[in-house]
Amino acid sequence: QVQLVESGGGLVQAGNSLRLSCAASGRTFSSYAMGWFRQVPGKEREFVAAINWSGSLKDYADSVKGRFTISRDNAKNTVSLQMNTLQPEDTAVYYCAARLSMIVHRTAYEYGNWGHGTQVTVSS
């Protein structure tokens, strides 16, 4: 098991940027593939971005590609999500997730470890 704690959420104006961080503890962080998901009330949790254990492979949802960047620092046991040109449609609770894997994963059911989420609100 690995414990995950998200931070960096907040209220921002549309067009601005925000950087989310996820701190991990427990099992060896460098062995985990990591992902970011988001969820709004009444809807299912949706994929945002994913990164493999080394950071050499990344994947993004079409809705955020070109605006968001996922990265990781294995020495610090953290994964980050840089969010640029934020839009009101990006408003959601953002969760980081982890699983022991050598590849990236886009579906929530493939992840067994989750943080408690951080709220991101984008005003117009």
Side-chain angles (χ1 to χ4, degrees):
Q1 286 290 321
V2 61
Q3 292 75 50
L4 306 173
V5 180
E6 303 95 337
S7 63
L11 173 63
V12 298
Q13 293 279 339
N16 288 352
S17 299
L18 202 61
R19 185 178 178 87
L20 305 182
S21 295
C22 177
S25 62
R27 302 183 70 176
T28 305
F29 177 72
S30 60
S31 299
Y32 285 82
M34 303 293 296
W36 283 98
F37 291 77
R38 65 188 183 186
Q39 188 170 28
V40 299
K43 296 184 178 180
E44 69 274 9
R45 191 166 298 184
E46 69 172 348
F47 169 76
V48 176
I51 188 169
N52 72 332
W53 69 271
S54 68
S56 62
L57 182 62
K58 302 175 182 179
D59 196 16
Y60 299 93
D62 291 341
S63 60
V64 306
K65 190 174 184 179
R67 298 188 298 119
F68 291 9
T69 302
I70 188 171
S71 61
R72 67 190 299 162
D73 186 340
N74 289 343
K76 297 182 178 180
N77 289 354
T78 59
V79 60
S80 299
L81 185 69
Q82 178 66 43
M83 304 184 294
N84 296 331
T85 319
L86 283 164
Q87 304 169 5
E89 293 74 25
D90 296 316
T91 296
V93 177
Y94 283 71
Y95 300 87
C96 65
R99 70 164 290 168
L100 289 169
S101 176
M102 60 187 296
I103 61 175
V104 295
H105 303 272
R106 297 176 62 95
T107 51
Y109 71 82
E110 294 180 285
Y111 293 88
N113 299 278
W114 295 87
H116 291 135
T118 184
Q119 177 71 48
V120 173
T121 303
V122 185
S123 64
S124 59

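Just so it is clear, the model here is predicted, and its values are computed rather than measured.
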[X] side chain to [Y] backbone, donor-acceptor under 3.5 Å:
| X | Y | result |
| --- | --- | --- |
| Glu6 | Cys96 | yes |
| Asn74 | Trp53 | yes |
| Arg72 | Asn52 | yes |

Validation row: [X], [Y] side chains within 4.5 angstrom (heavy atoms):
| X | Y | answer |
| --- | --- | --- |
| Arg19 | Ser80 | yes |
| Thr91 | Gln119 | yes |
| Val12 | Met83 | no |

| Should Val2 and Met34 be marked as a side chain to side chain contact (heavy atoms under 4.5 Å, CB included) after you check the CA-CA gap, both sets of side-chain angles, and the distance that decides it? | CA-CA 11 Å; Val2 61; Met34 303 293 296; over 6 Å; no
Establish whether [X] and [Y] are linked, either directly or via other cluster members, by ILVMFWY side-chain heavy-atom contacts under 4.5 Å.
| X | Y | answer |
| --- | --- | --- |
| Leu18 | Phe37 | no |
| Phe47 | Ile51 | no |
| Phe29 | Trp36 | yes |
| Leu20 | Val93 | no |

Provide the closest heavy-atom pair for [X] versus [Y] in the form atom of the first, atom of the second, distance.
| X | Y | value |
| --- | --- | --- |
| Glu110 | His105 | OE2-ND1, 2.9 Å |
| Ala14 | Pro88 | CB-CD, 4.1 Å |
| Val40 | Ala92 | CG1-CB, 3.6 Å |
| Asp90 | Thr85 | OD2-O, 4.4 Å |
| Ala49 | Leu81 | CB-CD1, 4.1 Å |
| Tyr32 | Ala98 | CD2-CB, 3.6 Å |

| message | With side chain to side chain contact (heavy atoms under 4.5 Å, CB included) as the criterion, how do Ser63 and Gln87 come out once you've worked through the C-alpha distance, each side chain's angles and the decisive distance to 0.1 Å? | response | CA-CA 11 Å; Ser63 60; Gln87 304 169 5; over 6 Å; no
| query | Cationic tip of Arg45 within the cone over Tyr111's six-membered ring, i.e. under 6.0 Å and within 45° of the normal? | reply |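 Relative to the ring axis of Tyr111, which defines the angle, Arg45 lies outside at least one limit.
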| request: Just say parallel, tilted or perpendicular for the rings of Phe68 and Tyr94, cut-offs at 30° and 60°. | output: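 Tilted, since the angle between the ring planes falls between 30° and 60°.
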| task | Could you tell me the separation between the CZ atom of Arg38 and the NZ atom of Lys43, rounded to the nearest 0.5 Å? | result |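 The CZ atom of Arg38 sits 9.5 Å away from the NZ atom of Lys43.
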| Spatial distance of atom CG (Leu11) from atom OG1 (Thr121) [nearest 0.5 Å] |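 The distance works out to 6.0 Å.
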| message | Are there over 12 heavy-atom neighbours, none belonging to Lys76, within less than 6.0 Å of that residue's NZ? | response |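 Atom NZ in Lys76 is not crowded, with 12 or fewer foreign heavy atoms closer than 6.0 Å.
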| message | Checking Leu4 against Cys22 for the side chain to side chain contact (heavy atoms under 4.5 Å, CB included) test, could you report, in this order, the C-alpha distance in whole Å, the side-chain angles of both residues, the deciding distance, and whether it holds? | response | CA-CA 6 Å; Leu4 306 173; Cys22 177; 3.8 Å; yes
| task | Show the numbers, then the answer: is there a side chain to side chain contact (heavy atoms under 4.5 Å, CB included) between Val48 and Tyr60? | result | CA-CA 6 Å; Val48 176; Tyr60 299 93; over 6 Å; no
